[in-house]
Each structure stands twice: as structure tokens, then as C-alpha cells.
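One structure is given below, encoded as C-alpha cells.
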Amino acid sequence: MTWIIYYLLIRAIVEPEPEPDMIALLPNCGFLSETSRMLHIAQALQARGEPVCLATHGGPYLRVLDDAGMPYTLLSPVMDAARSARYLKDLIQIGRPGVRLQPPDEVRQGVQAEVDFFRATGAEMAVIGFTLTAYLSSRVVGIPLAASHGGSWLPPLMERGLAPVPTTMPIPGTEWLPDWLKRKLANGSGSRMKDPVKFLNIVAAELGVAPVPTLAALMLGDLTLVTDLPEILGVSAQDLQAWRPPRPGAYRDGTRLVCVGPLFARLDMPVPATVQPFLDGSRPTAFVVLSSSTPQALRTVTARVRATGLRVIVGATIHDFGPSSDPDIVVAGILPSHRIMPKVDLAVTMGGQGSVQTAMSSGTPLVGIPLHPEQELNVDLAARQGMAIAVAPRHAGTERMTAAVSRLLVEPGFRQQARRVQALYANSDGADRAALEILRHVQPHRRRASAAAVDLRAA
């Protein structure tokens, strides 16, 4: 028996079992958009025969993965609904002095859990949906990182001055500035802001890995999946792919961009029976879904929309809207927006890229209530196409909201332009293209690993 043991030991050394080529996806399940993006990319990779593994630190949208039957590993520290709410509140204020998305101990614990997960699964690439600690954990284990959470808020657009004048200035007390200076700040500040990433870089220094240089770099990966169409962005696919950091110190080395097209939630779930009658086309109807808001704001905006005489479908997502005695208001939780928006007259959303793109894909005019620069740009891209109006959050409970909704309803140009944009989106599959670009990125690594295995056996 001894010789058999020696034989097995020698074979294990000379011919080790190959690790699986595994793509790891890490959604931040505090956000519906990031959860659904990672879900759809994972499904697209699986459709191409690729093994995937998912891990998350939790959040109120874990049920999206559960409902889809997508297995995942829950990593520590686990973010419950209350912690996710605080995270969102801080994110809205990012860029203000002293705002930190996560304390150092939480970052350390998260990085260690992710490192253990990557090593246990043999992950060869990390794809993240705003799981920011993975900027460090991926470097610790030496695997590339792909990101899509920057949406359209990316350097090539900023360098062309395409970010709009904000409806709300991120820094209090700067509303009085002239528009030309507001626009300049909106386009130039991200690549110079280092304070918002200190929460990661304290731990990066301890680990001896590359820091995240700026807020703008926090939107990018080694592979950055640009989730919109060049015709919407105003930047060609060739220019996006050719982009390189224009100055040292603002971005991580090796950052690359590739355009994959729109990537928004297409949740495989039915429209609730209570909502179905509101989609019969018999009367004008609005769809209000404000997932990044508060229950009070949701109720206030709904009242303003209802004041126009429209019926209202409220996608409350995780919010407690409370009882409503109005027969022309129906309230539901997480809804398949891609099945509802094509059948309503207009939508009201915060301005996340997912909800804006759902409206674009549906040919549905939109009122956006952007909370931060990325949402400002999303809504502005739709407004430039003639299908949307932006309303500042401070005006969302005023007559300005009612007036914006009325304009979308009575001016046919908004609907016409929305239909035109819908045609642009018609043949785009962002999830499949993202999967393809991820596989292209890891292919050279796979060839090197295969060649190394052959050399080892030959030796």
C-alpha cells in the first residue's frame, strides 16, 4: 500500500487537479440595479456554458437572487436593511467633507471574507456591482476586476464636458454659483476628489495593494463595462475603447473601457393581479418607482402625480407606502418594470441607470428626480433625447413635479422621441455582450494557465 500512497502524492504534485475557470460576481444587494445587473450577467455567462459563483454582503434585495434561483454565498459583514439604508444615505452625500461609506473595521472584514471566497472558489475574475471592498480583495489574490456600476458617469464623458449642470449641487452652499462653473465642477471634480476613497485606501496601505486614487476611479475596473449605447452617450464605441488615463495619479494603471449596451432589470416575475387593471389602457396611467428614496418622499411624489388626474401604479420596492384609500392608486412591492413601463403613459423614477434605461427601452417618457451626479447624467441623457424632464429632489413635492408630469402627458413630442429611442435599444443585449467581454478579458489568462500546466506535466 505504501507505494500507492507515494504514487498518488507524486501525481498530485506533478499533475495537480486543474482549478475550474470560475467567474465570481459580487452584487451589492442594497441596490436593485446592482443586484439585477449581476444576476443577468451571471445568467448570460451560464448560457455560454461558463461556471459562475456569486457572493454578497447582503441587503434588502437578496430576494431577487432567491426568486431567480441563483445560488450565492453570504459574506461577512452582512449588511441588513438598516445598514444598507445608512450606506445609501452616505452615498448620496459622497464628496462632502468627512463622509465615509464604510468604517475601516468593516472594510477589513469584508476584504478578508472576499479573499477567502475567491481562493476557495478558484475565481479568475471578480465582477462587481458596487461591492467596493473588492477593489482591494481582488488585488490581494491577484485577479482582474470588472465593474459596471459607473454606468455612464465615466471619464470620456466628463472630459468632453457632457455632465449636466446639477439640479442639486453636491456641496451645500454652492447653489449660487453660475451655471458655467457648476458644469465645470460636475465634469472635473471626480478625477480630483481623493477624500471619498480614503475609507478604502486606509486598508489598502495596510495590505500593501494599489489604492483607489480618486472618486472617478471608484467607478472603473480593470475592465469597465459601459452599459449604454454610443448614440445615447455622445461618445463612439471606438473612442470609449481607446480611452486611456490622461494624467498620472487619477486612475489605476491598466483601466480599460468597453461598450456593452444597456443593461437593466428584466426580472422573471408576473405582474400582480392587483396591478393588471391599471394596464388596460382605458385611462392615462403613471408608474412611480423610487427605490433609492424614502417612504415619505414616495408618498409625496405620488400625491403630486395623482394631482394631474392620472392613475398611479406605485412600485414601492422595499418601502412601506402605507394604506391608500384612493381607488386610482395601486401599491405593490418589487415589480417587473420592463413589463409595466411599455403599458403606461409615463414613469417617475429617481434616475438610476436601470430605471432610465427601462423607460428608454419601453418608449415611455420619464420624469427623473436625481439624487447624485451619476443619476443627474442618466436623466440628462434621456432629456437630451427629448423624452425626459429632470426635477430637483427639493422640488419633487411641489407644483414643479405636477407641471413636469402634465407636460409629458400633453406634449406629444416627448412620446415621439421616446419611441425613437426605443428603436435604438431594440436589438441590444447588454448582459450577453458583457459576458462576452468578460470572457475575452480572461482568455489570455486561461491560455497562460493552460500553457503552464502543459509545461509542468512535461517537466
Worksheet item: Can Asp179 and Arg183 be counted as an ion pair, charged N to O under 4.0 angstrom?
Response: no
Discussion item. Run Thr35 and Leu39 through side-chain contact (heavy atoms from CB on, under 4.5 Å) and show every step you take.
Written reply: CA-CA 6 Å; Thr35 306; Leu39 171 63; 5.6 Å; no
Worksheet item: Considering residues, nucleotides and ligands other than Arg415, do more than 12 of their heavy atoms fall under 6.0 Å from its CZ?
Response: yes
Fill in: Ionic contact status for Arg160 with Asp239, cut-off 4.0 Å
yes
Practice prompt. Decide side-chain contact (heavy atoms from CB on, under 4.5 Å) for Gln43 and Arg266; before the verdict, give the C-alpha distance in whole Å, the side-chain angles of both, and the deciding distance to 0.1 Å.
Written response: CA-CA 12 Å; Gln43 291 170 330; Arg266 299 175 185 269; over 6 Å; no
Worksheet item: Ignoring hydrogens and geometry, is there a side-chain-to-backbone donor-acceptor pair from Asn187 to Leu162 under 3.5 Å?
Response: yes
Worksheet item: Does any non-hydrogen side-chain atom of Trp180 lie less than 4.5 Å from one of Leu185?
Response: no
Worksheet item: Going by distance alone, is a donor N or O of one side chain under 3.5 Å from an acceptor N or O of the other, for Ser361 and Gln357?
Response: no
Fill in: Distance-only polar pair, side chains of Asn201 and Tyr135, donor-acceptor under 3.5 Å
no
Worksheet item: Taking Thr398 for the side chain and His395 for the main chain, is one N or O donor matched with an acceptor at less than 3.5 Å?
Response: yes
Worksheet entry | Note, Pro71 side chain near Leu54 side chain (heavy atom, < 4.5 Å) | no
Fill in: Min side-chain heavy-atom separation Phe414-Ile389 under 4.5 Å
yes
Discussion item. Under the criterion ring pair (Phe, Tyr, Trp, His ring centres under 6.0 Å), I'd like the reasoning laid out for Phe31 against Phe130: C-alpha separation, chi angles, the key distance, then a yes or no.
Written reply: CA-CA 9 Å; Phe31 303 91; Phe130 218 75; 5.7 Å; yes
Worksheet entry | Passing candidate, side-chain contact (heavy atoms from CB on, under 4.5 Å) with Thr56, options Leu26, Leu75, Leu62, Val78 | Leu62
Discussion item. Taking the side chain as everything from C-beta on, heavy atoms only, tell me whether Val405 gets closer than 4.5 Å to Thr402.
Written reply: no
Discussion item. I'd like to know if the side chain of Glu376 reaches the main chain of Ala163, judged simply by a donor and an acceptor atom lying under 3.5 Å from each other, with no hydrogens or angles considered.
Written reply: no
Worksheet entry | Worked check of side-chain contact (heavy atoms from CB on, under 4.5 Å) between Ser36 and Phe264 | CA-CA 7 Å; Ser36 62; Phe264 54 92; over 6 Å; no
Practice prompt. Check whether the side chains of Asp105 and Gln109 place a donor and an acceptor atom closer than 3.5 Å, and report yes or no.
Written response: no
Practice prompt. Report the C-alpha separation of Val64 and Cys29 in whole Å, then their side-chain angles, then the decisive distance to 0.1 Å, and conclude whether the side-chain contact (heavy atoms from CB on, under 4.5 Å) test is met.
Written response: CA-CA 9 Å; Val64 172; Cys29 293; over 6 Å; no
Worksheet item: Taking it one step at a time, do Gln93 and His372 satisfy side chain to side chain donor-acceptor pair (under 3.5 Å)?
Response: CA-CA 8 Å; Gln93 301 180 83; His372 51 73; over 6 Å; no
Discussion item. Within this structure, what is the CD-CH2 distance for the pair Glu374 and Trp153, rounded to the nearest 0.5 Å?
Written reply: 9.0 Å
Discussion item. If you define the side chain from C-beta out and look only at heavy atoms, does anything of Ser152 sit under 4.5 Å from Leu381?
Written reply: yes
Item to complete: Assess whether salt bridge (charged side-chain N to carboxylate O under 4.0 Å, His left out) is satisfied between Arg384 and Asp380, documenting all intermediate values.
Response: CA-CA 6 Å; Arg384 288 178 205 171; Asp380 191 67; 2.6 Å; yes
Worksheet entry | Under 3.5 Å side-chain donor-acceptor pair for Ser355 and Thr349 | yes
Item to complete: Hey, could you give me the CD1/OG distance between Ile340 and Ser362, rounded to the nearest 0.5 Å?
Response: 10.0 Å
Worksheet item: Are Asp222 and Arg252 close enough for a salt bridge, meaning some N to O gap below 4.0 Å?
Response: no
Discussion item. Strictly distance-based, threshold 3.5 Å: is any side-chain N or O of Thr224 a donor or acceptor partner for the main-chain N or O of Gly221?
Written reply: yes
Discussion item. Pair Gln102, Thr133 - check side chain to side chain donor-acceptor pair (under 3.5 Å), show working.
Written reply: CA-CA 9 Å; Gln102 295 180 265; Thr133 43; 5.1 Å; no
Discussion item. Does any part of the side chain of His441, heavy atoms only, come nearer than 4.5 Å to the side chain of Val258, both counted from C-beta?
Written reply: no
Worksheet, complete the sentence: The reported gap from CG in Leu371 to CG in Leu290 (rounded to nearest 0.5 angstrom) is 9.0 Å
Worksheet item: Is the closest side-chain heavy-atom distance between Leu74 and His57 below 4.5 Å?
Response: no
Worksheet item: Taking atom NZ of Lys182 as the centre, does the number of heavy atoms from other residues, nucleotides or ligands within less than 6.0 Å exceed 12?
Response: yes
Worksheet item: Can you check side chain to side chain donor-acceptor pair (under 3.5 Å) on Gln353 and Ser33, steps first, answer last?
Response: CA-CA 8 Å; Gln353 192 182 58; Ser33 58; over 6 Å; no
Discussion item. For Gln241, is the CD atom crowded, meaning more than 12 foreign heavy atoms sit under 6.0 Å from it?
Written reply: no
Run the side-chain donor-acceptor check on residues 332-339: report pairs under 3.5 Å with partners two or more places apart or on a different chain.
from: Arg339; atom 1: NH1; to: Met269; atom 2: O; distance (Å): 2.3

Item to complete: Go through the steps to decide whether Lys198 and Asp195 satisfy the test salt bridge (charged side-chain N to carboxylate O under 4.0 Å, His left out), and finish with yes or no.
Response: CA-CA 5 Å; Lys198 281 185 178 179; Asp195 189 67; 3.6 Å; yes
Item to complete: Could you pull out all residues at least two apart from Asp90 that satisfy side chain to side chain donor-acceptor pair (under 3.5 Å)?
Response: none
Worksheet item: When rounded to the nearest 0.5 angstrom, what distance separates CZ in Arg304 from OG in Ser406?
Response: 10.5 Å
Worksheet item: Under 3.5 Å, is there a donor-acceptor pair linking the side chains of Tyr61 and Asn28?
Response: no
Worksheet item: Considering only heavy atoms from C-beta outward, does the side chain of Ser191 approach that of Tyr251 to under 4.5 Å?
Response: yes
Item to complete: Carefully, step by step, assess Gln443 and Arg440 under the rule side chain to side chain donor-acceptor pair (under 3.5 Å).
Response: CA-CA 5 Å; Gln443 199 58 45; Arg440 284 176 175 169; over 6 Å; no
Discussion item. Working to the nearest 0.5 angstrom, can you tell me the gap between Thr308 OG1 and Arg407 CZ?
Written reply: 14.5 Å
Worksheet item: Rounded to the nearest 0.5 Å, what separation is found between the CD atom of Gln385 and the CE atom of Met360?
Response: 6.0 Å
